[in-house]
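The structure appears right after this line, and notes come after that.
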Amino acid sequence: MSSYFTDLAQQYIDGEWRPGTGSWDIIDFNPYDGEKLAAITIATVDEIDQAYRAAARAQRQWAEAGPHVRRAVLEKVLRLVEEREQELTEAIIAELGGTRVKAGFELHLAKEFLREAASLAMRTEHRLIPSPDPGKENRLYRVPAGVVGVISPFNFPFLLSLKSVAPALALGNAVVLKPHQDTPVVGGTVIAKLFEDAGLPAGLLNVVVTDIAEINDAFLEHPVPKVISFTGSDKVGRHVATVCAQHFKRAILELGGNSALVVLDDADLDYAVDAAVFSRYVHQGQVCMAANRVLVDRSVADAFTEKFVAKVSGLKAGDPSDPETVIGPLINSSQSEAITSVVEQAVAEGATALVRGSTRGNLVEPSILTDVPSDSALLRQEIFGPVALLVPFDGEEEAVRLVNDTPFGLSGAVHTADVERGVRFAQRIDTGMFHVNDGTVHDEPLVPFGGEKHSGLGRLNGETTLEAFTTLKWISVQHGRSTFPF
């Protein structure tokens with residue numbers, strides 16, 4: 001597997017594989033066993049410029065090539081992902097510590113989004129709009145935005161890079177992708193290789209592996225890109241939005257969450273436990289939609305807690321390549337230290353640890369905390385790891401207040417025997433997405449995905465992706481003669 005990473009440990013600019021010219025290397029480690037997978041010499045500001053200039057040169061011809069040509073390339077990428085699924089699975093396990101279940105989940109969604117992107121190429125319809133002026137014809141053209149800069153995260157790097165890269169290309173744009181430095185291959189160069197092998201012309205997709213310490217805001221400030229699609233933390237997202245606004249760029253921001261899974265007094269407790277455990281602990285809790293908080297009506301809290309603790313206690317933590325493993329490593333030591341300190345902080349504040357997992361390197365075992373003080377900052381922040389906060393409530397009104405008591409508004413779920421009661425509850429929650437009798441972690445190609453409050457700006461998926469990566473151009477035609485006042 002190491003040769004797989006070494007072969008892809010380069011920059012991909014204007015159709016060429018080449019090393020960066022920076023003065024230092026990003027070291028790509030396996031987060032579970034610390035194996036060095038590859039060393040990638042970082043890209044400099046000059047290479048960011050080269051990538052964007054290459055994209056700008058290639059974009060217009062790609063847009064003019066037409067949707068059928070673009071769709072054919074996307075369909076070929078999909079076939080290549082299907083053919084290479086086993087090696088992609090192993091790469092996800094090795095580079096980001098994803099379990100086999102997680103890798104399957106990510107690749108399944110990636111294939112669904114590629115199918116949708118191929119279809120999206122055919123959906124840029126133009127319109128005729130009536131004019132009050134005699135003889136005038138108003139044509140409204142939906143055209144590519146131009147060049148799109150994509151910044152992807154480490155948790156679902158293959159999927160979340162493709163979610164922007166594939167539709168942006170399908171709609172006639174060119175793309176420069178900057179993957180997270182902890183997942184430069186799965187989130188970046190392997191995607192370049194897939195598109196190259198699918199016949200994408202040179203310059204249309206460029207991948208730059210670098211670090212903010214080297215390039216500062218050059219990726220955002222460059223004059224070429226018209227849209228920046230960023231997935232990551234709210235702190236960095238705020239900065240991205242500020243820089244984009246200063247430079248009149250469109251920012252699509254998919255940011256963090258602090259989702260709650262709510263168990264009402266009439267819920268199916270066994271089913272709610274299964275949903276809550278998956279929603280909190282999938283990919284070690286490194287998911288923006290994860291259920292940080294599990295809110296349970298006090299009348300069923302004891303019964304739910306007993307079942308929840310029993311199930312979480314049985315989750316196997318260890319080697320992500322083992323098919324039995326549910327909890328693999330966190331992405332790096334700073335994340336594992338941060339999550340370990342969350343548990344320590346909560347206990348110091350007076351919380352009770354119903355389950356307190358140990359930390360071994362980057363492997364952090366699951367924890368369940370309850371009795372967290374109501375004024376604790378932990379209840380209002382994103383916890384990007386395998387720690388569940390169990391919170392009892394008295395009645396729906398208190399539940400609604402607790403769910404909304406956070407700066408975030410991404411996802412959530414409610415469990416109840418009465419579906420319409422669940423829908424009414426969902427309508428009162430300030431989130432972009434909410435699910436009745438299900439988990440909090442969902443993404444589908446046709447349904448608008450995004451958050452409210454500090455969880456982001458804009459939406460992706462389906463028709464909203466058209467809005468994200470295209471713009472509208474009005475061309476009028478006067479078939480008669482206009483009259484002018486002077």
Side-chain angles (χ1 to χ4, degrees), residues 105 109 112-113 116 120 150-153 155-156 159-164 167-168 227-238 240-241 244-245 250-262 275-276 278-280 282-283 285-295 379-384 399-416 419 422-469:
F105 183 60
L109 279 175
E112 290 298 307
F113 277 95
E116 166 63 10
L120 199 63
V150 177
I151 304 173
S152 63
N155 58 339
F156 279 76
L159 170 65
L160 295 178
S161 291
L162 278 176
K163 268 190 73 170
S164 289
V227 178
I228 300 292
S229 179
F230 170 81
T231 306
S233 72
D234 64 308
K235 179 181 178 182
V236 179
R238 184 190 298 271
V240 170
C244 285
R250 185 186 308 169
I252 307 298
L253 305 177
E254 301 291 342
L255 308 179
N258 180 21
S259 299
L261 186 143
V262 181
F278 176 81
S279 298
R280 173 64 274 190
V282 62
H283 193 40
Q286 298 174 120
V287 183
C288 57
M289 297 170 280
N292 281 2
R293 301 168 294 156
V294 180
L295 276 54
L379 288 168
R380 293 163 186 84
Q381 70 188 49
E382 181 174 47
I383 300 174
F384 221 57
V400 169
R401 181 183 63 77
L402 291 172
V403 175
N404 285 332
D405 188 15
T406 174
F408 298 97
L410 186 59
S411 185
V414 61
H415 281 250
T416 171
V419 167
V423 171
R424 289 191 299 272
F425 185 93
Q427 289 172 332
R428 300 177 67 190
I429 306 302
D430 301 328
T431 60
M433 306 173 287
F434 209 83
H435 309 286
V436 177
N437 290 337
D438 211 335
T440 62
V441 180
H442 291 283
D443 198 357
E444 294 182 14
L446 295 176
V447 184
F449 181 102
E452 298 296 325
K453 300 192 284 190
H454 291 193
S455 288
L457 290 173
R459 296 288 188 270
L460 288 177
N461 303 0
E463 296 301 317
T464 58
T465 306
L466 278 171
E467 300 291 334
F469 299 128

In short, salt bridge (charged side-chain N to carboxylate O under 4.0 Å, His left out) pairs touching residues 423-434 with sequence neighbours left out are E397-R428
With sequence neighbours left out, the residues meeting salt bridge (Lys or Arg N to Asp or Glu O under 4.0 Å) with E444 are none
side-chain contact (heavy atoms from CB on, under 4.5 Å) filter on V282, not counting sequence neighbours, yields F278, V287, V441
Of all heavy-atom pairs linking F469 and P167, the shortest is CE1-CG, 4.1 Å
- Query: Can you find a heavy atom in the side chain of N292 that is under 4.5 Å from one in the side chain of F408?
  - Reply: no
Residues at least two apart in sequence or cross-chain that pass side chain to side chain donor-acceptor pair (under 3.5 Å) with S411, listed by chain then number, are none
With a 6.0 Å cut-off on ring centres, are F156 and H283 close enough? yes
Here the gap from T406 atom OG1 to E382 atom CD, rounded to the nearest 0.5 Å, amounts to 9.5 Å
Residues pairing under side chain to side chain donor-acceptor pair (under 3.5 Å) where one sits in residues 450-464, two or more places apart or in two chains, turn out to be R123-E463, K163-N461, D443-N461, E452-R459
Sequence neighbours excluded, the answer for side-chain contact (heavy atoms from CB on, under 4.5 Å) partners of E112 is H108, R115, P445
For R280 and V294, indicate whether the former's side chain and the latter's backbone hold a donor-acceptor pair under 3.5 Å.
no
Applying salt bridge (Lys or Arg N to Asp or Glu O under 4.0 Å) to R380 and not counting sequence neighbours gives D405
Applying side chain to side chain donor-acceptor pair (under 3.5 Å) to T465 and not counting sequence neighbours gives none
By side-chain contact (heavy atoms from CB on, under 4.5 Å), I429 pairs with (sequence neighbours left out) V400, V403, N404, F425, T431, F434
dist L160:CG -> F230:CZ (nearest 0.5 Å) comes out at 11.5 Å
*Side-chain (N258) to main-chain (P407) donor-acceptor, under 3.5 angstrom*: no
Counting distance only, does the side-chain N/O of S279 pair as donor-acceptor with the main-chain N or O of A291 below 3.5 Å?
no
Checklist entry - So do the side chains of H442 and H435 get within less than 4.5 Å of each other, counting heavy atoms only? => result yes
Contacts of T231 meeting side chain to side chain donor-acceptor pair (under 3.5 Å) (sequence neighbours excluded), chain-then-number -> none
Counting distance only, does the side-chain N/O of D438 pair as donor-acceptor with the main-chain N or O of A275 below 3.5 Å?
no
When rounded to the nearest 0.5 Å, the distance separating CG of L120 from CG of L466 is 4.5 Å
Across all chains, not counting sequence neighbours, the side-chain contact (heavy atoms from CB on, under 4.5 Å) partners of A468 are I252, L460
- Query: Is a side-chain N or O of S229 found less than 3.5 angstrom from the main chain of V150, in a donor-acceptor match?
  - Reply: no
Across all chains, not counting sequence neighbours, the side chain to side chain donor-acceptor pair (under 3.5 Å) partners of S259 are none
